[in-house]
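Worksheet for the structure shown next.
Residue numbers start from 1 in every chain, and the chains themselves are labelled A, B, ... in the order their sequence lines are given, proteins ahead of strands. Side chains are part of it too, since the values below use all heavy atoms of this structure and drop only hydrogens, waters and symmetry mates. For clarity, every value in this text was computed on a predicted model and none was experimentally measured.
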Amino acid sequence: MIRDITIGQYYPAKSVLHRLDPRVKLVSTLLYLISLFLFRSIPGYIVATLFLAGIIRASRVPLKHIVKGLKPIIMLLLITVIFNLFLTRDGAVLFHKWIFTITEGGLRTAVYMAVRLIYLIIGSSLMTFTTTPNELTDGIEKLLYPLNKIHVPVHEVAMMMSIALRFIPILSEETDKIMKAQIARGADLESGNMIQRAKSMIPILVPLFVSAFRRANDLAMAMEARCYRGGEGRTKMKPLCYRTRDRIAYVVVIVYVISVFVVGRYVPLKVWIF
Amino acid sequence: MNMIQTEKLIFEYEKRDEEGNVIGTSRAIDEVDIDVKEGQFIAILGHNGSGKSTLAKHMNAILVPTEGTIWVDGRDTKEPQELWNVRQSAGMVFQNPDNQIIGTVVEEDVGFGPENLGVPTDEIWQRVEDSLKAVGMIAYRHHSPNKLSGGQKQRVAIAGVVAMEPKCIVLDEPTAMLDPVGRKEVLKTVKKLREKKKVTVILITHYMEEVIDADKIYVMDHGHVVMQGTPREIFSRVDELKSYRLDVPQVTLLADELRRRGLSVPEGILRKEELVEYLCQLD
């Protein structure tokens, strides 16, 4: 049950996107997210859609898999749409009944917002689909490295992240074991209301924490025994370095951001109220 | 030359009450003298709480002696500037395979040690490949360690130490948490390493069957070294071993019983074959 959770949901495939430097993917995702807020017009959305479609094709992640990732945000999406639809008062009234009023502006904002949110989620999940957690931490470490100058422990944080990722499956397996052990001793984890069920988690959490601390202690010792002494003077087995394809990717993303901005603002194309 | 030498090594744990005040000390190691020559295979035997793991941690400078001295490859572990040199010359493999693997991919874990030593990237790859080959895990280099069996994880851990090119490998009960198959795997790997890389090996264990190939055995009890000698010498003193709560291998036990019943079985039989050979001579 818990073991099925794969953080970052990496989708193994052999594509250009998978091979890109994680820094390129991180920066591009950020630029892409910002770009979605630079326009409010049909032409802008056409460019954004084309770009996203191209990226999805290039990633070789099946569309079905991507759509499945949208499930958790359906509620959020619905709430956003409903609030925008009924609460925005802008322009001519399209529909009015009792307390419900839909205006032109409301409909426009609701549709734009929904599309924007979906594109946002798809864009950022494409990054996690194509990047292993390890590459991600490496990328973050390298990108944030300048912060080291102002005494942000970048290397330590990155190391902690990768260790945490390594221990997720081990600890979840342990949780399973503890749960079974407690059930065998007559613990009731299923019945009762919310509070009772939360309380019944205590006999699982306490041993889990104790064992996590013990593991942390052991691991720290093992790391020291292998001469770990922080980031200084450390070399990398897999150092990140930009290749031609990474530079091309940067250019493509920057061209996209500029064109979506220009097209979104200055190409006059209107369909009905949009 | 002496790879590891101790002189009147004493280590005391502080006993604390609930507020953290020191209320006394307990001696985990008491005046231990051992010496290990380069290239030797040394075994340290002892029951739980005999101080054998504490002794192992001294060889890697994880613990430093309360009194006495330990030299690792000629370096005094008490000298702070020697710390990392000591840890590089004596690599350590621990008991729990899960808690000593740092990487999320096998090859990255093996590369962790060399990375810490500041080895150039190309050489790291070379070392990772060599040491994974040496433990027979090269086929698993891209796997996640979580999917491996206990014996395989322990072999990866050994590879991680080998990649740091230590002169001496200390194995602190490496088989205690493994099933019989995994135990055999690990011991075979250690044997192969000794033959190929000529490293000094110190094996700490409470399984007597694992130490019959050792050059020398130390038996520890309550912080003292109570017996030392070649496996044949040690195994011929069955009663003494039993008094230290060690399980004597069944063949040795059988030979001992036969001798008591009047057969002239030679002392210190270690292997089944030896006993069979002797018994077949009788009519």
Side-chain angles (χ1 to χ4, degrees), chain A residues 2-8 10 12 14 131-138 141 155 158-174 176-177 211-241, chain B residues 53 56-57 59-63 83-105 107-129 142 144-147 153 157 160-164 166 169-170 172:
Chain A
I2 311 170
R3 244 174 285 177
D4 295 338
I5 302 173
T6 44
I7 294 287
Y10 178 69
K14 282 194 165 68
T131 321
T132 62
N134 250 342
E135 285 175 328
L136 262 184
T137 27
D138 271 4
E141 180 178 354
H155 167 78
M159 179 57 84
M160 278 193 268
M161 273 169 68
S162 62
I163 288 174
L165 286 169
R166 146 118 182 86
F167 273 84
I168 286 171
I170 293 177
L171 289 181
S172 62
E173 207 171 294
E174 187 136 328
D176 262 11
K177 261 190 220 160
S211 118
F213 277 113
R214 193 169 302 143
R215 278 179 195 281
N217 198 15
D218 277 8
L219 188 74
M221 197 161 68
M223 285 171 77
E224 281 205 336
R226 279 160 82 181
C227 290
Y228 180 72
R229 55 199 125 161
E232 225 159 289
R234 220 168 165 259
T235 43
K236 284 258 170 199
M237 182 182 179
K238 298 175 176 170
L240 296 177
C241 60
Chain B
S53 279
K57 282 173 193 152
M59 297 173 185
N60 198 271
I62 290 170
L63 297 176
L83 180 65
W84 304 109
N85 290 331
V86 166
R87 287 192 181 158
Q88 196 190 339
S89 38
M92 185 129 177
V93 177
F94 296 91
Q95 190 180 58
N96 189 330
D98 274 325
N99 296 356
Q100 55 181 323
I101 293 179
I102 293 115
T104 35
V105 181
E107 60 176 13
E108 283 175 15
D109 182 71
V110 177
F112 180 76
E115 281 183 332
N116 291 334
L117 299 175
V119 176
T121 303
D122 295 339
E123 206 192 321
I124 296 181
W125 282 91
Q126 192 57 46
R127 284 191 186 193
V128 167
E129 200 169 320
H142 300 298
S144 152
N146 296 321
K147 301 247 162 78
K153 280 183 207 166
V161 169
V162 172
M164 294 170 70
I169 298 180
V170 183
D172 185 4

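- A distance of 7.5 Å separates CG in Asn60(B) from SG in Cys227(A), rounded to the nearest 0.5 Å.
- The closest donor-acceptor contact from the side chain of Thr104(B) to the backbone of Arg166(A) lies at 3.5 Å or more, if one exists at all.
- Contact detail for Tyr228(A) and Trp84(B): the closest heavy-atom pair is O-CH2, 3.5 Å.
- Around CZ of Arg229(A), the count of heavy atoms belonging to other residues, nucleotides or ligands within 6.0 Å exceeds 12.
- For the atom pair CZ of Phe167(A) and CG of Asn99(B), the computed distance is 5.0 Å after rounding to the nearest 0.5 Å.
- Under the ring-ring contact (aromatic ring centres under 6.0 Å, His included) criterion, Phe94(B) pairs with no residue, sequence neighbours left out.
- Thr235(A) places no side-chain N or O within donor-acceptor distance of the main-chain N or O of Thr121(B), the cut-off being under 3.5 Å.
- Contact of Pro166(B) with chain A is not made at all, since no heavy-atom distance falls under 4.5 Å.
- The backbone N or O of Asp98(B) sits nowhere less than 3.5 Å from a side-chain atom of Arg215(A) that would complete a donor-acceptor pair.
- Between chain A and the options Met164(B), Gln100(B), Arg87(B), the largest number of non-hydrogen pairs under 4.5 Å is found for Arg87(B).
- The shortest heavy-atom contact between Ala225(A) and Met92(B) is CB-CB, 4.3 Å.
- Atom CG of Leu219(A) sits about 5.5 Å away from atom CD1 of Ile102(B), to the nearest 0.5 Å.
- In this structure, the portion of Val110(B) lying under 4.5 Å from any heavy atom of chain A is its backbone and not its side chain.
- The side-chain heavy atoms of Asp109(B) and Arg226(A), taken from C-beta on, include a pair separated by under 4.5 Å.
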* **Derivation and outcome, side-chain contact (heavy atoms from CB on, under 4.5 Å), residues Lys238(A) and Glu107(B)** => CA-CA 11 Å; Lys238(A) 298 175 176 170; Glu107(B) 60 176 13; 3.0 Å; yes

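- Of the possible donor and acceptor atoms, none in the side chain of Glu115(B) sits under 3.5 Å from a partner among the backbone N and O of Arg234(A).
- By number of non-hydrogen pairs under 4.5 angstrom with chain A, the leading residue of Asn96(B), Ile62(B), Val128(B), Ile101(B) is Ile101(B).
- Both the backbone and the side chain of Glu108(B) have a heavy atom closer than 4.5 Å to some heavy atom of chain A.
- Atom NZ of Lys147(B) is surrounded by 12 or fewer heavy atoms from other residues, nucleotides or ligands within 6.0 Å.
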